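Inspection log for the structure reproduced underneath, given as structure tokens.
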Amino acid sequence: MEQAPVFSTGRDLDAALDSLRPWLAARLDAAEVEIDPPSYPQGAGASNETLLIRARADGRTAEFAVRIAPGPDHQMYYEPRFALQYDILRALFGRFDVRVPEPLWFESDPTVLGRPFYVMRRMRGRVPVSMPVYNSSGWLFEATPAQRRTLWENSMQQLGAIHRVPIAEVAFVDRPEHGASGDEQQLSYWQAYADWAFGEKTPDVTVALFDWLDAHRPAASAPGLSWGDARIGNIMYDNDFQVLGVMDWEQVSLAGPVADLAWWLLFDESLSAGQGIPRLEGLGTREETIALWRESTGRTPDDLHWHEVFARLKAGLLSLHSRCSLPPMARTSTRHFSYLRHACDLAGLVVPEGIR
């Protein structure tokens, strides 16, 4: 069975601990700090390196997650605003009923670990991983339908809480350099992403999809906070199947709540029926998910079709970019084009021969 990869940059962990000890001691107001050998999260953290550490100082023990900015060789996103991940945690922690890890410190000086980083209080819980997919094995697979229902309902309530956050409280997320509205900003950003990731080798199908999205862009979409990577695999749960924390905010934007709903539906489908695996009993269907989202947010999913086409295009670009790290033989697999094929189908575009 395929196992989930562990993100690692080949870092010298002994050297990292030598740098972290005095840095952490200063923040804990301790003479010195002992740190156990660190570990990496299993099956998560593909876009940023994360060290999980246990530290002891003055008779106290604490656990932290150290999130390190990606270097050029491990950069998944265009124009990563690394500090923004910390800022959004600070804005949301303990507020608006949104559960996120507790942010503690941000370090912009790259001389400590070679890149900027921030430290969070470590959460202890379980995450439904995608490799191997949670619909086929693992703790969620072994749970009862009632337990899965509790997990799904709590997840949708968290999505609703995120979408009720007042824009004024997260205005710093705005990207006016990419346009006026959230939709316009996202289109501009992802077109720039394609140019950055592929240059002249940008697949023609993505150009056609961007043209379709631009031509059909909603006239007046509802603005709002968008988590950006809304899926079950980015949520940690406790033993009672309640949400402990929502993680991975690299794609946060003001694209609006429907963008998150579309992304959630995409990955719910791609990690079940998209792989020929039945959705686990207890997890909400597409119709149930949309209904509970409407109830939780008080919104209607206007322009959901447009956002679903866009979600598949974004997922396709990320998938194609990630294949660059694969062996040459694996790069020819058409599975990397599956999101783009589905985007074309939804948009009513002819699917090019090369990605069928």
Side-chain angles (χ1 to χ4, degrees), residues 1 3-4 41-46 50 52 65 89 92-94 96-102 120-165 225-249 251 257-299 301 311:
M1 180 176 292
Q3 294 297 313
Q42 295 287 330
T50 302
L52 304 177
L89 294 180
L92 298 179
F93 181 74
F96 313 115
D97 296 322
V98 179
R99 298 175 184 175
V100 295
E102 181 182 2
M120 303 170 282
R121 187 89 56 194
R122 182 180 180 181
M123 300 184 301
R124 283 284 186 175
R126 303 179 293 185
V127 178
V129 299
S130 56
M131 291 179 63
V133 64
Y134 57 82
N135 278 300
S136 65
S137 66
W139 62 272
L140 192 56
F141 181 80
E142 296 167 357
T144 67
Q147 289 170 327
R148 297 184 200 123
R149 196 70 174 185
T150 296
L151 178 144
W152 171 73
E153 290 178 348
N154 273 268
S155 302
M156 297 311 300
Q157 289 165 3
Q158 272 299 288
L159 201 57
I162 292 169
H163 296 158
R164 293 193 299 271
V165 173
L225 180 64
S226 172
W227 170 11
D229 202 358
R231 53 193 176 93
I232 198 172
N234 281 335
I235 302 177
M236 183 174 287
Y237 303 89
D238 64 19
N239 290 334
D240 294 323
F241 297 84
Q242 306 286 330
V243 172
L244 275 177
V246 176
M247 306 176 293
D248 291 345
W249 292 82
Q251 297 188 68
V258 182
D260 276 348
L261 178 61
W263 194 259
W264 183 281
L265 293 171
L266 165 60
F267 278 92
D268 176 74
E269 188 277 334
S270 66
L271 295 177
S272 56
Q275 297 188 25
I277 303 171
R279 178 188 288 105
L280 289 173
E281 183 183 355
L283 299 182
T285 64
R286 173 186 173 89
E287 292 74 20
E288 289 173 327
T289 295
I290 294 173
L292 187 53
W293 178 87
R294 293 180 64 148
E295 179 183 333
S296 178
T297 63
R299 296 173 180 261

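We're numbering straight along the sequence, starting at 1. These numbers were taken from a predicted model, which means no experiment stands behind them.
The closest side-chain heavy-atom distance from F141 to P128 is not below 4.5 Å. Counting heavy atoms from C-beta on, the side chains of W264 and R286 never come closer than 4.5 Å. Proximity of L292 to L159: side-chain heavy atoms (C-beta onward) are nowhere separated by under 4.5 Å. With a 4.5 Å cut-off on side-chain heavy atoms, L283 and Y134 count as touching. At least one side-chain heavy atom of W152 sits less than 4.5 Å from a side-chain heavy atom of T289. Residues N239 and R126 meet the side-chain proximity criterion, which asks for heavy atoms closer than 4.5 Å.
In this structure a side-chain-to-backbone donor-acceptor pair under 3.5 Å is present from Q158 to D97. Although no hydrogens or angles enter the test, the distance criterion places no donor-acceptor pair under 3.5 Å between the side chain of R299 and the main chain of G160. With hydrogens and angles ignored, the 3.5 Å screen pairs a side-chain donor or acceptor of N234 with a backbone N or O of D229. A donor-acceptor pair under 3.5 Å links the side-chain atoms of R148 to the main chain of A143, judged by distance alone. Remark: the backbone N or O of D240 is paired with a side-chain donor or acceptor of D238 at under 3.5 angstrom. Not a single donor-acceptor pair under 3.5 Å links the side chain of R231 to the backbone N or O of F267. Side chain of D260 to backbone of W227: a donor-acceptor contact under 3.5 angstrom is found.
Remark: E295 CD to E288 CD distance equals 12.0 Å, nearest 0.5 Å. With rounding to the nearest 0.5 angstrom, the CE atom of M156 is 8.5 Å from the OG1 atom of T297. How far CH2 of W263 is from OG of S226: 10.0 Å, rounded to the nearest 0.5 Å. Atom CD of Q242 is separated from atom CD of E153 by 10.0 Å, given to the nearest 0.5 angstrom. The distance from atom CE of M247 to atom CG of L89, rounded to the nearest 0.5 Å, is 11.0 Å.
Remark: F93 pairs with V100, E102, P103 by the side chain to side chain contact (heavy atoms under 4.5 Å, CB included) rule, at least two apart or across chains.
When all heavy atoms of I290 and P301 are compared, the closest pair comes out as CG2-CG, 3.9 Å. Contact record, I277 with S136: CD1-CB, 4.1 Å, taken as the closest heavy-atom pair. Shortest non-hydrogen contact noted between M123 and P101 is CE-CG, 3.6 Å. Annotation for A65 and T50: closest pair CB-CG2, 4.2 Å, computed over non-hydrogen atoms.
Applying the side-chain hydrogen bond (donor to acceptor under 3.5 Å, both in side chains) test to residues at least two apart or on different chains, the pairs with a partner in residues 267-278 are D268-R279.
Aromatic ring orientation, H163 versus W293: perpendicular (interplanar angle above 60°, classes split at 30° and 60°).
A side chain to side chain contact (heavy atoms under 4.5 Å, CB included) with Y237 is found for one member of L244, I232, T150, V127 and no other, namely I232.
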